[in-house]
Structures are given as structure tokens and as C-alpha cells.
Number of protein chains: 2
Amino acid sequence: MPNTGPAPDPADIARIRRFNRAVTREAGALDASFLGRGRPLGAARALCAIGRDGRDVSAVRAELGLDSGLMSRLLRGLEAEGLVTLAPDPADRRRRLARPTAAGLREIAAYDRLSDRRAEALLSGLGRTAPALLAAMDLVATALLHDRTEIAEADPAAPAARACLAAYYAELARRFEAGFDVTLSRDPAAPDMRPPRGSFLLALSDGQPVGCVGLKGDGGPVAEIKRLWIAPSARGQGLARRLMAAAEARARALGITTLRLDTNRALAEAIALYRRTGWAEVPAFNDEPYAQHWFEKGLD
Amino acid sequence: MPNTGPAPDPADIARIRRFNRAVTREAGALDASFLGRGRPLGAARALCAIGRDGRDVSAVRAELGLDSGLMSRLLRGLEAEGLVTLAPDPADRRRRLARPTAAGLREIAAYDRLSDRRAEALLSGLGRTAPALLAAMDLVATALLHDRTEIAEADPAAPAARACLAAYYAELARRFEAGFDVTLSRDPAAPDMRPPRGSFLLALSDGQPVGCVGLKGDGGPVAEIKRLWIAPSARGQGLARRLMAAAEARARALGITTLRLDTNRALAEAIALYRRTGWAEVPAFNDEPYAQHWFEKGLD
DNA sequence: ACAATTATCTGACTAAAGTCAGCTATCATG
DNA sequence: CATGATAGCTGACTTTAGTCAGATAATTGT
């Protein structure tokens, strides 16, 4: 149901349209600068989407929204240029992993520099007003990305969920003082995070997974929150709060009355969120080696 | 010579790149919605660039950055669709003027509505945070359009000029200790700010007024600078200086040899600008109740 | 073991965008 | 009135992007 609020001010609409024009011009200029490296835009975008660390082809395809035939041809082109190598994914040999070669890394770095240089030019032309502009850009980006992020239940073994979990583990390994090895942790089995025992929720931004949370149950009235993670690119939008609220709602629907969670002291934002949203710190209720804090929340 | 200032913070660059991603998606979505009218994007853009009032072909071509052959073909297509008519420019019969037909006007309106609807959707999803977002978008747009801000003479009674003046009065009311009531002030009559007595200049960023200055004359060799104002989103770019320089140039062209102005002590940035640009503080030359400083500058 | 699904590749297309050389008509200038 | 510049038109291209219908191989569910 649109048009519930007051009718938008035409002057405000004009302001937004001016913004759109300003920004499409900027985007066009960036595209044009990308063209300067003697490669069509599609190929340049594909290379950048593969990134330094390499990625599986289907992820790139989903991000760029390309037809599989076109994607295949672009990769063939990049391969012929000696910029990427393709190898079957050992985990699923239908998939292929694209990795940049040394030359590919150089090209990616060159494209990054082009982006950076535009950003620098913008910043340096501003002087003392730069912080205000950056804050404004953050606000706009957050607003534009906000309504595109939706929360959906997924199977914890589905590729999107596994991608989130892999990124989550990698981040824990970076952030925990002692590193992180999932095999030493109380890793929940997938069936405990599937209905009717539990649930696994993904935050999807335009189809891309940008966050997750697990609800691990055992059929009884007490369940645990696990694996709360937000992609770096999606932080600062209150997404963790939305995911937690969705997990609580799902738990209620599954007849769960008490939620628990354990967490590591390195995860300060998460701990702050739990405290802000009605979780009470309680004594350790398990022997999770990576946990220093335990929380509980009643769902009534 | 770039790289003079301090090296930009990589985190700031990352923020800009996040902004770019958010915004190019938005632009892509708008393009996709334009495609829904059964016309390739190039033709749709050309039609919208022609606009309601029609335009000469070379102006459209310059705006869209198209090859003359391509432009010609796009126009031929629009003509065949019955959306535009082409006629030689009476002033220079090499040029051609494109004007929308009635059907063309309807199509332009339809494209406008598509843009408007996206803007409305964004606004309505925001509620009370809308003003902050709009201000942020203005700031970003102004920064990106920085080099496209142009100064044009306007009638002081035109809507864009009145909008600037209203914003100026509102700001004075906020900033002056005693508030501001325009009826108590020495408000210049509009004819004194029109050629040949004076002038009224607007700073236009992509069509939106973002600043103004008035030159109030009485036909003699002495004129006053009035109503210097820059929209908050456009500050910090040296626009006030550009507007003042343009006003001085206009004054010279009108045969004025001495400029004066009065101002309030609350307008510190303006006073600093006057001091920096060759204005000399002089004793009060009028009884403006809101003024504490009077300046004069000779134009030789 | 079997069918269904999934990821990718290939060939054969089309549409859109863009380039380029040469043409004509008009205009500005000496 | 010749000269050169300018604006636009046309035909003959190329490149880029994108679509679609199979083919193939690997995986999943039963």
C-alpha cells in the first residue's frame, strides 16, 4: 500500500532527481576511466568481481546479473588474456573457481587505483568539508541499501549459508586472540538449525547473502542463537538487530520460550547489541572454549 | 598538480566506494525501468534530453556525448515514432531544433513519472529521517556537480530567486541575535536588481539554485551588493567568491564604479570573504537596522 | 541405481551502441 | 565570392552486450 504518508513534496523529488543525475554522471565517468585499459567494461567488471582472492563463477554471475553464456565467454576472454585461471571447485566439481593470475592481480590493482583516484580527487577538492561529505555519502548508501536487504529462512547446508559461515569463521580466526578452529568449537549440527528444531536465517541484499544467524534447538523450549554474522559491506544498517529480531520471532513460532547464546569478548559490537536488546548476562551454561560471555533472554 | 594535501585515509576511500556501489545499483535500476517503455535506452535518453521545450540537436549531443552519426540515427528513430519533429534553427539554418510532439510530451512525462516514482518510494520508506537524507543527497550532488555549477542572471521575482531569498531570510532569522524581519530591513525593490539598474545572479547546480547575490543600483555609479547567500549543501567550495566576482563583473558592465555593502556581525564567513577580496570597511553609509559592518570597493 | 537438478559451456543468433569516411548545406571571414 | 569552418546526414562498418536452445558433466534426492 503506497501513498499512506503525506504526499511527497515535488521540491524534494527534484532534489532526489538532481542527486540521481549527479551520481549517474559520476558513475559514467568512472566507467569511462575503466575503458582506458583496453578491455570492454563487461570484462573489467567480471575481473573485479572475481577479486584478489578468486571466487566461484556462480557467485560472480549472481553479483553481476549475467547470463551464463555471457559469463562463460567473458571468462574465456580473461583466460585468453592470461588474467585468470579456472579450476573445478574441489567441493563441487560442477562449479568452477576463477582465480586471478599474477597479471590478473596487477590489472585488478590498476582498476582499484582508478576508483581510488576518483575518490581521492573528490576528497582533495573538499578540504575541511570532506568529513561532512563522507558522512552524507554513508547516509545515502545506507538508505539505498537498506530496503534491498531481506531476511529469509534457508537451509544451513545451502551454498549461500555455507558462504556466510565460511566468512564468519574466517573473521573469527582474524579477530579472536587465540584464532578460531571450528572443529574445536561446539559446532551445531545442521539438523538442529532446521525446522522444526531450529532455523537458519539469511539476510539477502539483492540476492547476495550479507548476513546470517542460526537458531539451534533440540525440540525443547530452550534454544541457542549461533553464528550471527554481517558482511562488512552491510554493516551500519541495523541489520544485526533485524536478524536477531527475526530469529526471536522464528523461535516463538517454533514454541521456544528461552533463548541463550555464548560469545567471545572480541565481538564487542555484538555484545553491545545483546545488552541493548533485552539479553541478560548469565553464568556459563556450557563449556564452549571460545566463549567468555553467556546471555539469556525469555520470549514471553 | 594532485597529491599536494595529506594522503587520503584508505578508510574514507572505502566509504566512497561503498557509496558508489550503492548508487550505481540505484542508477542501473532506473535504467532498467526506462527500458520498460519498449525503446532502447539511447533513444529514451535522447528524448528526455530534448525535453518539454525542445532543444537544438547540438546541445543534446553535447550533453549525452554522442557521435553525430549516432545522434542523427536516434533522432530519425524518434521522428519515425512520431515523438519529435525536427526543423532548422531560424537563427542558424545549419543547426536543427528538435521539439517533442504531443505524443513525445506524453512519453517524456511517462519517463519523468518513472523517475519520480523511484524518488517517492525512497522518500516514503524513510519517514522522519527523510530531511536528513535529502540534505545528505544535496551535499553529495553539489560536491559531484562542483565543476558544473554555473552562474546566471535571473529575475529577482522568478521562482528560483524567490526560493533562494526565502532560504536566506530564514537563515538570517536563525543566525541574527535579534532575529530577522525583512519588512524592517532596507529591502531592495525588484526593479533596482534588474538591468539596467542592477542585477540578480543565481548559482545553478544542474538547474537547482544553490546560491544568489543581488546588485542593487539606482542608475548612478554607486551600487550595493545585497542578499549574498549559499545553500548549506554548496558551502565550502568557494562559490560565494565566484558569485561576488560575477557580481563585480556585471557591475562593471553596467558602468558602476563603486560597490558598497552592509552586513551583520553574525555573518562571520561573509565578512572574512569581503576582507580577503579587497573590500575596505567604511563608516555606516545607511541606517540598516540589522547592519554592524559597512564595506566599500572601487571597481577600476 | 535412477531421475531430477545444477553449473557450466558452446554455437547461433539479435539488438544496441559506437566509429568513420565522405557528403551536403549553411555560415563567417577576408 | 572564394575559403574554410560548422552542423548534420548517410552508408558501411565493428564491437559489445545479451539471448536462447541444446550439450555435458557432476551432484542430489529417493
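Just so we're on the same page: letters track the sequence lines, and every chain starts at 1.
- The side chain of Pro40(A) lies closest to dT16(D) when the candidates are dT16(D), dT10(C), dA17(C).
- For the pair Leu66(A) CG and dT16(D) P, the interatomic distance rounds to 15 Å; values are reported in whole Å.
- Ring orientation note: the planes of Phe19(A) and Phe19(B) are nearly perpendicular, at an angle over 60° on the 30°/60° scale.
- A straight line from CZ of Arg162(A) to C1' of dT28(D) spans 13 Å, rounded to a whole angstrom.
- Looking at Asp112(B) and Arg17(A), a side-chain N of the basic residue comes within less than 4.0 Å of a carboxylate O on the acidic one, giving a salt bridge.
- The residues Glu120(B) and Arg117(B) are annotated as not salt-bridged, no charged nitrogen and carboxylate oxygen being separated by less than 4.0 angstrom.
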At a cut-off of 3.5 Å, list every protein nitrogen or oxygen paired with a nitrogen or oxygen from nucleotides 4-7 of chain D, distance to 0.1 Å.
unit_1 : atom_1 : unit_2   : atom_2 : d
dT6(D) : O4'    : Arg94(B) : NH1    : 3.3
dT6(D) : O2     : Arg94(B) : NH1    : 3.3
dA7(D) : OP1    : Arg95(B) : NH2    : 3.4

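- Of the two residues near DNA chain D, Leu41(A) and Asp89(A), the one whose nearest nucleotide lies more 5' is Leu41(A).
- A straight line from CG of Asp56(B) to P of dG8(D) spans 7 Å, rounded to a whole angstrom.
- Rounded to an integer number of Å, the gap from Leu64(A) CG to dT16(D) P is 17 Å.
- Here the side chain of Arg93(B) is nearest to one of dT19(D), dT10(C), dT26(C), namely dT26(C).
- For Asp56(A) and Arg95(A), the salt-bridge test passes: some basic side-chain N is under 4.0 Å from an acidic carboxylate O.
- Mapped onto DNA chain D by nearest heavy atom, Leu70(A) and Ala91(A) fall at different nucleotides, with Leu70(A) at the one closer to the 5' end.
- Summarising the geometry, the separation between CG on Leu74(B) and P on dG8(D) is reported as 14 Å, rounded to the nearest angstrom.
- As rounded to whole Å, 12 Å separates atom P of dG8(D) from atom CZ of Arg55(B).
- In plain terms, the two heavy atoms of Leu259(A) and Ala251(A) that are nearest each other are CD2-CB, 4.1 Å.
- Checked by distance alone, Arg73(B) brings a side-chain donor or acceptor within 3.5 Å of a matching partner on the base of dG11(D).
- Salt-bridge check for Asp155(A) with Arg194(A): passed, with a basic side-chain N closer than 4.0 Å to an acidic carboxylate O.
- Separating the CE atom of Met71(B) from the C1' atom of dG18(C) is a distance of 14 Å, rounded to the nearest angstrom.
- Under 4.0 angstrom from either OP1 or OP2 of dT10(D) there lies at least one side-chain N or O belonging to Arg76(B).
- For the residue pair Val60(A) and Ala49(A), the shortest heavy atom distance occurs at CG1-CB, 3.8 Å.
- Rounded to whole Å, atom P of dT8(C) lies 9 Å from atom CG of Leu75(A).
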